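Structure record follows, encoded as structure tokens.
Predicted, not measured: the structure shown is a model, and the values here were computed from it.
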Protein chains: 2
Amino acid sequence: MMTAMCAARPADDDATADGSPAAGWSAQINALGDFIRAQRQLANLSLREMASMTSVSNAYLSQVERGLHQPSLKVLHSIADALQLSTEQLLGQAGWVTGTGAATASAESGGTEDAIRKDPRLSPEQRIALLGVYRSFVAGATD
Amino acid sequence: MMTAMCAARPADDDATADGSPAAGWSAQINALGDFIRAQRQLANLSLREMASMTSVSNAYLSQVERGLHQPSLKVLHSIADALQLSTEQLLGQAGWVTGTGAATASAESGGTEDAIRKDPRLSPEQRIALLGVYRSFVAGATD
DNA sequence: CACGTTTGATAAGTATGTCAAGCATGCGGG
DNA sequence: CCCGCATGCTTGACATACTTATCAAACGTG
């Protein structure tokens, strides 16, 4: 197995002529596909094997690996599972998550807000309420 | 403005009896939608405002918030950006960051109390009040 | 060489995400 | 009263993700 099979990449297609899709994600998609393929081959899996593990068709996996499509969360998750990777690694590879630490918002100045937002023990409604209270407090003070 | 007018949720449809690895989507989608809506309202944004920020149509945002659709990565990312959240928080909310290690939650859990205690912008009374609210929330959530 | 098997790639069809336009409702002013 | 302006919700058309069925090449067997 694993012979130099028929690998053909139809040249780097960065067609962003029409403005429909967000420009420039082809690079990330390619990176993601390469990464997935590498991991798959590392695990000595064929497309079909992985397909049966992920319940995603081999054909689509092939297309994803070659950067022809942007897989959805479901598929991404399945793939990560089959390859024994965390979804975060996959997303990170595609550049969709800013990084593991990643605090795009105000992390240092608004530590409390951030903590509330990230707290997994709160339901959405509770979050709203708590943040509302907190903000009213802070707004009332000198700020 | 901001009066909750025509609101209708078409019953909770949780029909996922098959043994697929990704079973139980509707619940997650609903959670995600609720979270997004909560955050949006927190930021005092209307659907249309957010739509213009995210370059996603208001209609679709509405549907996503109500759990009628699963947004793609692009859209998710845009939303996170508009709400000044990291994509990971969104994904975490929906429970998509399973991963093998996946200790996103436990690491942050408990950080909220700490953040509140340390927050220099709160007066002692406010601190007590906020902690009280937070604790009541967490206590009610069957830890 | 015929044969079956395994591999990755392609074709055409189906399901689902996404948008632009229109609907319903509430609010303030003539 | 009606009217315009705000909001959120629904419809129907299109684009994209995804599937099932199939192909051509490489690897065996005898």
Side-chain angles (χ1 to χ4, degrees), chain A residues 1-11 13 15-23 25-26 28-29 32-34 36-38 40-41 43-79 94 96, chain B residues 1-11 13 15-16 18 20-22 25-26 28-29 32-34 36-38 40-41 43-79 94:
Chain A
M1 68 289 262
M2 264 237 55
T3 49
M5 52 217 88
C6 35
R9 190 180 283 254
D13 193 353
T16 0
D18 64 309
S20 24
W25 49 290
S26 41
Q28 311 196 347
I29 300 264
L32 178 66
D34 278 346
I36 291 176
R37 169 158 294 189
R40 195 198 83 218
Q41 294 182 338
N44 273 314
L45 291 171
S46 75
L47 277 176
R48 284 178 158 85
E49 287 176 306
M50 188 157 116
S52 68
M53 300 171 84
T54 53
S55 44
V56 173
S57 65
N58 54 15
Y60 190 55
L61 284 179
S62 168
Q63 292 173 1
V64 164
E65 287 189 349
R66 285 149 38 123
L68 272 63
H69 283 293
Q70 171 180 53
S72 79
L73 271 337
K74 272 188 295 215
V75 170
L76 229 32
H77 184 90
S78 297
I79 291 175
W96 276 311
Chain B
M1 46 299 272
M2 257 282 3
T3 42
M5 37 206 73
C6 34
R9 192 179 278 259
D13 193 355
T16 17
D18 71 291
S20 285
W25 275 100
S26 26
Q28 321 240 23
I29 302 228
L32 179 65
D34 278 346
I36 291 176
R37 169 158 296 191
R40 195 199 81 216
Q41 295 182 337
N44 274 311
L45 292 170
S46 76
L47 278 176
R48 285 181 221 276
E49 287 175 305
M50 189 157 116
S52 68
M53 300 171 83
T54 54
S55 45
V56 173
S57 69
N58 53 24
Y60 189 54
L61 284 178
S62 169
Q63 296 179 151
V64 163
E65 287 186 350
R66 293 156 56 82
L68 273 65
H69 282 294
Q70 170 186 54
S72 77
L73 272 335
K74 277 186 301 211
V75 169
L76 228 33
H77 187 80
S78 298
I79 291 174

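The separation between B/Leu68 atom CG and C/dT18 atom C1' is 13 Å, rounded to whole Å. Note: CD (B/Gln70) to C1' (C/dT18) measures 13 Å, nearest angstrom. If you measure from atom CG of A/Asn58 to atom P of C/dT7, you get 10 Å, rounded to the nearest angstrom. A/Gln41 places its CD atom 19 Å from the P atom of C/dT6, with the value rounded to the nearest Å. Across the protein-nucleic acid pair, B/Arg37 atom CZ and D/dG8 atom C1' stand 8 Å apart, rounded to whole Å. Put simply, CD on A/Glu49 is 13 Å from C1' on C/dG8, counting in whole angstrom units. Atom CG of B/Leu61 and atom P of D/dG8 are 10 Å apart (whole Å). Summarising the geometry, the separation between NZ on A/Lys74 and P on C/dT16 is reported as 7 Å, rounded to the nearest angstrom.
Between B/Gln70 and B/Tyr60, the shortest heavy-atom contact is O-OH, 3.6 Å. Nearest heavy-atom pair, A/Ser46 versus A/Glu49, reported as atom, atom and distance to 0.1 Å: N-OE1, 2.7 Å. Taking every heavy atom of both residues into account, B/Ile36 and B/Val64 meet most closely at CD1-CG1, 4.1 Å.
A/Ser46 has no side-chain polar atom (N or O) that falls below the 4.0 Å cut-off from OP1 or OP2 of C/dT6. Contact check, B/Arg48 against D/dC5: no side-chain N or O comes under 4.0 Å of OP1 or OP2. Considering only side-chain N and O atoms, A/Arg40 lies nowhere under 4.0 angstrom from the phosphate OP1 or OP2 of C/dT7. Side-chain N/O atoms of B/Ser62 include one lying less than 4.0 angstrom from OP1 or OP2 on D/dC9.
Judged by distance alone, the side chain of B/Ser78 and the main-chain N or O of B/Lys74 form a donor-acceptor pair under 3.5 Å. Remark: the backbone N or O of A/Asn58 is not paired with any side-chain donor or acceptor of A/Arg48 at under 3.5 angstrom.
Side-chain proximity of B/Tyr60 to D/dT19, C/dG17, D/dA21: nearest is C/dG17. Candidate nucleotides D/dT19, D/dA21, D/dC18 were compared by shortest atom distance to the side chain of A/His69, and D/dC18 ranks first. When each of C/dG8, C/dT18, C/dA11 is scored by its nearest atom to the side-chain atoms of A/Leu47, the top-ranked nucleotide is C/dG8. The B/Ser57 side chain lies nearest to C/dC19 when the options are C/dG8, C/dC19, C/dG17.
Between B/Ser72 and A/Ala59, the residue anchored nearer the 5' end of DNA chain C, judged by the nucleotide with its closest heavy atom, is A/Ala59.
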